[in-house]
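For the single chain, residues carry numbers from 1 onward in sequence order.
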Amino acid sequence: IVWGKSLADIFAEQNLPPDFEFKGASSGISLSYIHRVAGESDIYFISNQRQQTDAAECTFRVSGKVPELWYPDTGMIEPAPVWSESEGRTTVQLNFDPAGSVFVIFRSPAGHQDHIVAVKDMSAAETGTSKLKIQHAVYAAIDSAHGRDVTTILSRLMQNDKLIVQIENDAFGGDPVMMHAKELRVDYTIDRQPGHVTVPEGQTLTLPAGAKSGQSSFVETSIAADGLPVVKAWGNDSVELHMASGAILHATSMDIPAPQEVTGEWNLSFPPNWGAPPSVTLENLISWTDSPNEGVRYFSGTATYEKEIQISNGQLGVGRELWLDLGTVKNLAEVSLNGKNLGVLWKPPFRLNITAAATPGANNLIVKVTNLWPNRLIGDEQLPSDADRSSDGRRLAAWPQWLLAGKPSPTGRLTFTTWRQYDPNSPLLASGLIGPVTLQMAEKIPVK
């Protein structure tokens, strides 16, 4: 029994380090964790508390065991590619998707096999990191000067002189101007060269152009089945892999093209009997809520985008992977290429490997996007009521006869709720494939 002292003081007197702590690549990073023991295994669950990509060095009070990464969204299990031990603790480099999570499990003895303890970006060291500075940023209504200064917020969100952030109210402390479409206006400098960018709400700001989410460089490391390191590059870069043995390995990528934006018209088709037209042609990707057609603006359900995209022989070269990045999606996307279903994307980043389905030349791309219900409910509120409700207009007073008889609403409404959730002027939710849609190449490069 101990009294008169804080737990922190007691642990300090016993030289007991924290069970878990982390150091983020950017300020403001927020991680939560829980730790349990099952037999001889230590199981940690780490969760990113921010709606943006993050990277961190996470230190666990475990030693002598190989850290494994178990991904709950895909079921993939892999050895942690970069980790080190010191003073009875293990430090693991972790990259997180927006609101992403991972199990870190220690169950197998480390043994004497060599492993990566650090990755150093030599391109930045040799040429000098491109210094990004946010001079002034405003999140404001498109049709007025009203808004919020978010310069400090954007500066805190930078990681390794890169800024990748989805433009949403939650990212900037709430909605600065209710009932208005908004945009982010940013004045910045890269190596003291000024620049300006305006990004509509719902899209993603990327500075500098081509920067990749969650990475300090354009490379990813993994461990092959034989225990040797594998380097995959998403851009031209040069890195050093520092091994536990003291050896230094080198990997350099060259001639990897920059991401290619998929531009041009899209055909967008809708299911029948839900208020939308059979199909529309979009010159550019927009939120359905920005459409001049009321049927599109208030649509809720699944709509289908179709487009022919061109893929070159070079994009499908030996050792290369071709990825499709959908950018911003509200809210789910099912992707098919050349008739091959590639699965459902349900969280950011909305991207997948299309190498196996792609062919040189013309490729048929189909993206089925499903949004949420509020827009259709708000659209129906533009029509007269079709049921008796309480004095406040919310609660259903009695079941309407047309509903009991299994007939459609006499006022043309497409939905029915026992509680009136929305008003005619309730704000609509961004919906559909908003993009930008890009083709990105990755290549496995030799380690020397």
Side-chain angles (χ1 to χ4, degrees), residues 53 71 73-74 76 95 97-98 100 164 166 199 202-206 209-215 218-220 222 232-236 253 256-269 282-288 302-371 430-444:
T53 55
Y71 298 95
D73 55 343
T74 64
M76 185 179 76
N95 295 317
D97 289 340
I164 302 175
Q166 188 168 340
V199 184
Q203 296 193 19
T204 301
L205 168 66
T206 302
K212 187 173 177 292
S213 301
Q215 301 292 322
F218 288 102
V219 301
E220 294 176 355
S222 59
K232 183 165 68 175
W234 293 84
N236 299 322
S253 59
I256 297 179
Q260 171 192 332
E261 185 173 353
V262 177
T263 58
E265 294 183 347
W266 293 76
N267 182 69
L268 176 59
S269 58
L282 299 178
E283 294 184 2
N284 301 291
L285 292 174
I286 59 171
S287 171
W288 297 341
T302 301
T304 302
Y305 293 80
E306 186 167 4
K307 183 176 181 59
E308 185 177 276
I309 61 174
Q310 295 292 325
I311 296 176
S312 67
N313 284 308
Q315 290 173 307
L316 298 174
V318 177
R320 284 188 170 179
E321 296 177 355
L322 185 62
W323 288 69
L324 177 71
D325 191 320
L326 299 180
T328 300
V329 174
K330 298 295 182 179
N331 294 86
L332 307 173
E334 182 179 8
V335 181
S336 298
L337 187 67
N338 298 326
K340 182 175 182 178
N341 191 305
L342 300 178
V344 175
L345 301 173
W346 55 275
K347 65 177 184 62
F350 291 91
R351 64 187 184 101
L352 44 73
N353 189 335
I354 63 172
T355 310
T359 60
N363 290 254
N364 179 251
L365 174 63
I366 294 178
V367 183
K368 296 181 179 180
V369 177
T370 305
N371 69 334
S431 298
L433 176 58
I434 301 174
V437 176
T438 56
L439 293 173
Q440 302 177 353
M441 272 174 290
E443 183 174 341
K444 293 183 179 179

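- Taking all atoms of both residues into account, the shortest heavy-atom contact from Pro348 to Asp97 is O-CB, 4.0 Å.
- The stretch residues 334-359 participates, sequence neighbours left out, in no ring-ring contact (aromatic ring centres under 6.0 Å, His included) pair at all.
- Listed by chain and residue number, Gln260, Ile311, Ser312, Leu322, Leu439, Met441 satisfy the side-chain contact (heavy atoms from CB on, under 4.5 Å) test with Gln315 (two or more places apart in sequence, or in another chain).
- Of all the heavy atoms in Glu321 and Thr355, the pair that sits closest is CA-OG1, 3.4 Å.
- Between Gly314 and Arg320, the closest heavy-atom pair is O-NH1, 2.9 Å.
- In this structure the side chain of Val335 reaches within 4.5 angstrom of the side chain of Leu326, judged on heavy atoms.
- The line from CD1 of Ile434 to CG of Asn284 is 13.5 Å long, rounded to the nearest 0.5 Å.
- Take Ala362 and apply the side-chain contact (heavy atoms from CB on, under 4.5 Å) test, not counting sequence neighbours, and it matches Glu308, Gln310.
- When atom types are taken as modelled, the side chain of Asn363 and the backbone of Gly361 share a donor-acceptor pair closer than 3.5 angstrom.
- Annotation: the span from Leu342 atom CG to Asn353 atom CG amounts to 9.0 Å, rounded to 0.5 Å.
- Counting heavy atoms from C-beta on, the side chains of Leu324 and Leu365 come closer than 4.5 Å.
- Classification of the Trp288-Tyr305 ring pair by plane angle, with boundaries at 30° and 60°, yields parallel.
- Within 6.0 Å of atom NZ in Lys368, 12 or fewer heavy atoms from other residues, nucleotides or ligands are found, so the atom counts as exposed in its surroundings.
- Among Ile366, Leu352, Ile309, Asn364, the single residue meeting the side chain to side chain contact (heavy atoms under 4.5 Å, CB included) criterion with Leu337 is Ile309.
- How far CG of Asn95 is from CD of Glu220: 8.0 Å, rounded to the nearest 0.5 Å.
- Atoms CD1 and OG, on Ile354 and Ser336 in that order, are 12.0 Å from each other to the nearest 0.5 Å.
- Using a 4.5 Å heavy-atom cutoff, the side chains of Val329 and Leu345 are not in contact.
- Using a 4.5 Å cut-off on side-chain heavy atoms (C-beta onward), Leu285 and Pro436 make no contact.
- When all heavy atoms are compared, the tightest approach of Ala357 to Asn338 is O-ND2, 3.0 Å.
- In this structure, the separation between NZ on Lys307 and CG on Leu268 is 13.0 Å, given to the nearest 0.5 Å.
- Of all heavy-atom pairs spanning Asp325 and Gly327, the tightest one is OD1-N, 2.8 Å.
- Judged purely by atom type and a 3.5 angstrom limit, Asn236 uses its side chain to pair as donor or acceptor with the backbone of Ile256.
- The closest donor-acceptor contact from the side chain of Ser253 to the backbone of Gly235 lies under 3.5 Å.
- Counting all heavy atoms, side chain and backbone alike, Lys330 lies closest to Ser431 at CB-CA, 3.6 Å.
- Counting heavy atoms from C-beta on, the side chains of Lys444 and Ser222 never come closer than 4.5 Å.
- Atom CZ of Arg351 and atom OG1 of Thr438 lie 9.5 Å apart (nearest 0.5 Å).
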